[in-house]
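Quick note: residue numbers are just sequence positions, from 1.
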Amino acid sequence: MRNLLPLISSHPGGRSSLTCRFRCGDACFKETPNTSDNEYAGDIIARAVSRRSMMRAAAVVTVAAAAGTAALTGPNAPQAEAVALAGHGHEPPHKPAPSGARGLRFSPVAPNKNDKVTIPDGYSQNVVIRWGEPILRGAPAFNPDKQSAKAQAGQFGYNNDFLSLLPLRGERGRQVLVANHEYTDEILMFRGYDPANPTREQVEIAWAAHGLSVVVVQEEHRTGKLGPVSRHPLNRRLTATSEFRVTGPAAGSDLLRTSADRTGSRVLGTLNNCAGGTTPWGTTLHGEENFNQYFANGNTDMHKRYGIGTGATERKWERFDRRFDLAKEPNEANRFGWVVELDPYDPDSTPRKRTALGRFKHEAAQPRLTSDGRPVVYMGDDEKFDYLYKFVSSKRMKKGTSRAAREHNLTLLDEGTLYVAKLTGDSPAAEIDGTGKLPTDGEFDGSGVWIPLATGTTSHVPGMTADEVYVYTRLAGDKVGATKMDRPEDVEPSPRTGRVYVALTNNSDRGKEGKAGADEANPRNANKHGQILELAENWDDPAGDGFAWRLFLVAGDPNDPATYFSGFPKESVSPISCPDNVAFDDHGNLWISTDGNQLGSHDGLFGVATHGDRRGELKQFLTVPTGAETCGPVIQDRRVLVAVQHPGEVDGASVEKPASIWPDGPGKIVRPSVVAVWRKDGRDIGV
């Protein structure tokens with residue numbers, strides 16, 4: 001047996017201190033915002049529904065996983081339960097084929113610390129677009145020593161995260177790339193940066209480097225190489241000072257009004273956009289995540305619940321715009337933490353912050369449709385001990401691309417019901433001891449309920465108005481007893497099966513004194529490596545109020561007994577740590593990008609089979625350069641895209657002392673970038 005892989009950092013999540021400072025405001029080192037006394041799964045098992053009823057629900061997952069199809073319904077349920085009970089805890093024998101699961105037939109990349117994007121043999125890559133490349137008419141070429149806010153507002157933004165590639169009709173070989181720009185690291189952007197005394201020019205450049213980019217990209221003939229089409233009419237930049245509309249049931253609320261916007265319906269900017277989603281009607285969704293770090297002088301319990309500090313901020317923006325000082329504008333922070341919807345095909349449209357989807361640290365938002373065409377959006381709140389949510393629209397999507405259909409579909413996320421999840425395990429509490437040891441039934445699994453929080457202007461939470469539920473959604477989750485999770489990040493429904501996969505990145509505080517201990521959905525104390533939860537809505541109805549769940553992966557070194565890969569032989573999988581963003585390919589494989597690998601390797605992108613006799617087979621497809629995180633995976637038939645975020649972000653690094661020379665070599669400033677990877681022979685990825 002191989003030795004356990006060495007840890008590379010004692011810092012929570014494996015990130016550098018520099019990353020924590022600029023990305024999330026040192027959230028790991030501050031008091032956990034969720035101090036509620038919610039019961040967790042280990043406490044409520046004794047009062048849960050019967051084991052038989054839970055297994056009937058769990059059969060939805062078990063049979064669907066074995067068959068690779070959607071969940072069984074109606075008269076087939078008893079048969080499904082019998083199948084689940086007969087095989088529960090005993091995975092079918094695996095018969096590995098030399099070539100691997102379809103879509104994953106590549107030689108896995110070994111863990112490494114290469115200062116480059118390392119890809120499998122037989123594949124090629126190119127940098128699609130870098131921070132600072134001009135995309136709008138009149139924008140200059142990037143010059144790190146002659147930056148300006150005006151130039152940056154026409155150039156590709158900093159620290160690309162979520163990516164979406166959309167078709168562009170009538171323009172052969174072209175697609176529309178949409179990218180989030182999560183945060184800025186001024187130490188790596190500006191020579192001689194003084195964190196205690198940023199200049200107005202530096203602050204205004206940072207405002208312009210946040211937000212979103214829309215840029216048309218062109219495929220090179222006969223390869224998978226992509227490049228930007230500068231000055232295309234659809235190209236667009238949205239920044240921390242662009243105008244956004246507030247829509248939905250909380251629009252106009254007193255909680256959203258400020259001295260600059262007495263209506264509570266217009267906001268300047270979008271901040272800390274992490275992951276997102278692509279809708280069936282052709283728009284993109286963008287999650288505002290660690291917005292708390294931009295606001296100074298928090299002074300209420302609600303500010304504290306959202307992680308807003310009582311003093312100055314890292315970037316000192318409050319010195320240059322009063323809206324970032326909550327002592328002067330106490331409601332300004334309430335205008336961030338939403339899901340933003342963008343129409344990338346209309347460069348004149350105003351993006352909308354959708355209040356019906358609740359306000360918290362949104363990692364992502366990916367819809368699926370009910371059988372009658374209503375969108376359901378799954379969302380995670382990326383904080384230790386926070387919650388998993390979904391929104392069910394009350395409106396049906398209209399098909400087609402007519403103006404009437406598009407206008408209707410742009411209202412779909414304003415009316416519906418917001419829910420939070422409560423999970424129950426099906427094993428005795430004594431078997432969940434915090435070590436990650438599997439219970440005697442052979443799986444971490446159970447059932448759950450979706451607890452309604454609000455529908456339109458009606459609150460379902462005692463003591464809270466509907467406006468309060470939407471604006472203070474974390475408090476609503478506290479009040480109804482939602483299950484505290486290990487940093488729920490990206491949440492993606494499988495387009496093939498409808499099963500939903502939740503990336504739970506890590507939780508170093510699990511099991512500490514005064515904190516929630518291990519439960520069946522979060523089975524390890526001091527959880528360094530995270531897990532992926534698989535959820536199946538009862539009878540495959542995403543609008544329903546119940547579901548079955550089980551842990552699909554428990555991440556870490558495969559030689560560690562506290563890891564699990566759906567029963568696949570662990571000697572045949574790649575080590576993985578800290579799952580973050582996820583996506584699917586057309587074969588039904590789940591692709592996982594990591595953030596904060598603690599296993600002696602750089603972060604990377606992994607593919608894993610979710611069905612068939614190779615379910616749980618996980619292979620590493622690439623690694624990213626020194627200090628970087630893997631973000632925004634897009635998996636197409638013949639191309640994979642990743643956003644290489646914060647390369648060179650290592651403690652002690654600066655523009656003058658770079659920790660990485662990627663992507664342009666020695667003597668060049670380190671630049672976050674988007675990378676495309678394809679097979680040299682032009683065939684589909686992994687087949």
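- G588 approaches T610 most closely through the heavy-atom pair O-OG1, 2.7 Å.
- A centroid separation of less than 6.0 Å is found between the aromatic rings of F360 and Y389.
- Applying the side-chain contact (heavy atoms from CB on, under 4.5 Å) rule to I635 yields the partners A583, D585, W591, L605, P633, V640; only residues at least two apart in sequence or on another chain are considered.
- Between L413 and L357 the shortest heavy-atom distance is O-CD1, 3.5 Å.
- Neither side chain, D467 nor T465, offers a donor N or O lying under 3.5 Å from an acceptor on the other.
- For the residue pair R374 and S394, no side-chain donor N or O sits within less than 3.5 Å of a side-chain acceptor on the partner.
- Closest of all the heavy-atom pairs between A356 and P249 is CB-CD, 3.6 Å.
- The cationic group of R359 lies under 6.0 Å from the six-membered ring centre of Y306 and within 45° of the ring axis, placing it in a cation-pi geometry.
- Donor-acceptor pairing under 3.5 Å is recorded for the side chains of T278 and S164.
- Other residues, nucleotides and ligands contribute only 12 or fewer heavy atoms inside 6.0 Å of the NZ atom of K304.
- Summarising the geometry, atom CZ belonging to F547 is positioned 15.5 Å from atom CH2 belonging to W539; distances are rounded to the nearest 0.5 Å.
- The side-chain hydrogen bond (donor to acceptor under 3.5 Å, both in side chains) with T505 is formed by just one residue from the set E363, R487, E489, K384; it is E489.
- The heavy-atom pair separating P439 from E520 by the smallest distance is CG-OE2, 3.9 Å.
- Below 30°, between 30° and 60°, or above 60°: for Y501 and F552 the angle between ring planes is above 60°, a perpendicular geometry.
- Between P542 and V392, the shortest heavy-atom contact is O-CG2, 4.1 Å.
- Salt bridge status for R305 with D386: present, with a side-chain N to carboxylate O gap under 4.0 Å.
- Ring centers of F444 and Y564: at least 6.0 Å apart, outside the cut-off.
- For the residue pair Q645 and D161, a side-chain donor N or O sits within less than 3.5 Å of a side-chain acceptor on the partner.
- Ring-centre distance between H210 and Y294: below the 6.0 Å cut-off.
- Heavy atoms from other residues, nucleotides or ligands lying under 6.0 Å from CG of N297 number more than 12.
- Side chain to side chain, N272 and K361 fail the donor-acceptor criterion of an N or O pair below 3.5 Å.
- Ion pairing between D414 and R352 fails under the 4.0 Å rule for side-chain N and carboxylate O.
- Remark: the T594 side chain and the N597 side chain contain no N/O donor-acceptor pair separated by less than 3.5 Å.
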Show your reasoning for whether salt bridge (charged side-chain N to carboxylate O under 4.0 Å, His left out) applies to R257 and D254. CA-CA 5 Å; R257 297 179 182 179; D254 288 344; 3.2 Å; yes
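- Taking a 6.0 Å sphere around CG of D372, one finds it holds more than 12 heavy atoms contributed by other residues, nucleotides or ligands.
- Residues Y378 and E537 share a closest heavy-atom pair of OH-OE2, 2.7 Å.
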